[in-house]
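Below is one structure, written out as structure tokens, with a few remarks after it.
For the numbers below, each heavy atom of this structure counts, side chains included, while hydrogens, waters and symmetry mates do not. Keep in mind it's a predicted model, so treat the numbers as computed, not measured.
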Amino acid sequence: MPELPEVETVKRGLAPTFEGAKISSVDQNRPDLRFPFPENFSKRLSGHRVTTLSRRSKYLLADIDSGDVLIMHLGMSGSFRIENDVLGETPGEFSHARSKNPKHDHVVFHLQTQENTPARIVYNDPRRFGFMDLIARPKLSDHAYFKDLGLEPLGNDLSGETLAQLFAGRKSPLKAALLNQKLIAGLGNIYVCEALWRTGLSPKRVAGSLATGTGKPKQKANELAAHIRSTLEDAIKAGGSSLKDHTQADGSLGYFQHSFAVYDREGEACRKPECSGTVSRLVQSNRSTFYCPRCQT
DNA sequence: AGTGGGACCTGTCCGC
DNA sequence: TGCGGACAGGTCCCAC
């Protein structure tokens, strides 16, 4: 599920329950996900309060009043769901948004919310490419997860100018450059395809070609920056994309996948009104790229 | 240094 | 219906 818009959607979904809540206990149902859990994971969280929930790139961060930051990454298949006392149900019975696959419920945070009601936040991840970690707040930006991360595509740093600088001299295909988290942090396979289509740029084009001169390439860099932003913002507005059975924290579905112009549309008509092309699939860096060879050049 | 490819896992879908 | 292979939203690691 999770590229930047999905992680942002998850953050917004969890915040009302998680922020200000006291963690009464944590069930850690296995020793590792992608990486081992940190030492005393449950112990370092239990009895403490979550102050703020935030996002950096595709990482979800929960500041804990102990001074630790709980790092959560969803990998390819991670999702959270909230379980509440549901009105009209047996008191104490948590029945909201039941897991379809309880054997992949790896972590359960038992909470006492700000409103002093019990709730649980459950992390489910069939492929276990996600992970959690605890890092002291002052050490966060120097930590290996974050120190090499590129700019936030929704922040003020993203512009045609900065894109041109980042891509200058790069011989890799534009697709690979945009997926490189050291340059721009948060884009993934879907939204790179979509942003390139919106801009009319071929994923195969050499990244450095956007950096030269002051005329057309520079203008393309400006357009690309704007389209990256609008693609992500549109997806967040739509509640992210729900592929497979992925849902938002409250169990509802995002619907941006209905707005995909190219992703997973191989063989279908290009959606640009004036274009008669057909969406193609190719493999770059071992990942599928979807694009219209006719209008993306 | 920068790049491409494989590896990590499980689930699902498609063709035989 | 069953089975094998391809493929899936991410990122780390290791050869070139």
When the distance from [atom1] of [X] to [atom2] of [N] is rounded to whole Å, what number comes out?
X: A:L33; N: C:dG10; atom1: CG; atom2: P; value: 18 Å
X: A:Y263; N: C:dA8; atom1: OH; atom2: P; value: 6 Å
X: A:N286; N: C:dC14; atom1: CG; atom2: P; value: 17 Å
X: A:I190; N: C:dA8; atom1: CD1; atom2: C1'; value: 10 Å
X: A:R56; N: C:dG10; atom1: CZ; atom2: P; value: 16 Å
X: A:R287; N: C:dA6; atom1: CZ; atom2: P; value: 18 Å
X: A:K171; N: B:dG4; atom1: NZ; atom2: P; value: 12 Å
X: A:R128; N: C:dA8; atom1: CZ; atom2: C1'; value: 17 Å

Per [X] side chain, nearest of listed nucleotides [options]:
X: A:S172; options: B:dG4, B:dG11, C:dG9; value: B:dG4
X: A:K58; options: C:dG9, C:dC7, C:dT11; value: C:dT11
X: A:F35; options: C:dC12, C:dG9, B:dG4; value: C:dC12
X: A:R34; options: C:dC7, C:dG10, B:dG4; value: C:dG10
X: A:S288; options: C:dT11, B:dT10, C:dC7; value: C:dC7
X: A:M76; options: C:dA8, B:dG4, C:dT11; value: C:dA8
X: A:R170; options: C:dA8, B:dG2, B:dG11; value: B:dG2

For the ring pair A:F260 and A:F290, is the centre-to-centre distance below 6.0 Å? no
Tell me if the side-chain of A:R127 makes a donor-acceptor pair with the base of C:dA8, cut-off 3.5 Å, by modelled atom types. yes
Would you say the side chain of A:S276 lies within less than 4.5 Å of the side chain of A:R294, judging by non-hydrogen atoms? yes
Considering only atom [atom1], compute the distance from [N] to [M] and round it to an integer number of Å.
N: B:dA1; M: C:dT11; atom1: P; value: 23 Å
N: B:dG11; M: C:dC12; atom1: C1'; value: 23 Å
N: B:dG6; M: C:dA6; atom1: C1'; value: 16 Å
N: C:dG9; M: B:dT3; atom1: C1'; value: 22 Å

Against A:M132, only a single residue in A:M72, A:H106, A:Q28, A:R34 fulfils side chain to side chain contact (heavy atoms under 4.5 Å, CB included); can you say which? A:M72
Considering every strand and a 4.0 Å limit on heavy-atom distances, what is the contact class for A:P5: base, sugar-phosphate, or nothing? nothing
Is A:Q181 touching bases, backbone alone, or none of the nucleic acid, heavy atoms closer than 4.0 Å? sugar-phosphate
Closest heavy-atom pair and its distance - A:L4, A:K58: N-CG, 4.1 Å
Step-by-step side chain to side chain contact (heavy atoms under 4.5 Å, CB included) determination, A:V7 to A:Y59: CA-CA 7 Å; A:V7 179; A:Y59 295 83; over 6 Å; no
Look at the side-chain heavy atoms of Ile, Leu, Val, Met, Phe, Trp and Tyr, link any pair under 4.5 Å apart, and say whether A:F131 and A:L45 land in one connected group. no
Once you apply the 3.5 Å cut-off to both distances, tell me the Watson-Crick or G-U wobble partner of C:dA8, or none. B:dT10
Does C:dT11 have its OP1 or OP2 closer than 4.0 Å to a side-chain nitrogen or oxygen of A:H73? yes
Does OP1 or OP2 of B:dC9 have a side-chain N or O of A:H104 closer than 4.0 Å? no
With the six-membered base ring of B:dC8 as reference, does the ring of A:F129 sit under 5.5 Å away with planes under 30° apart? yes
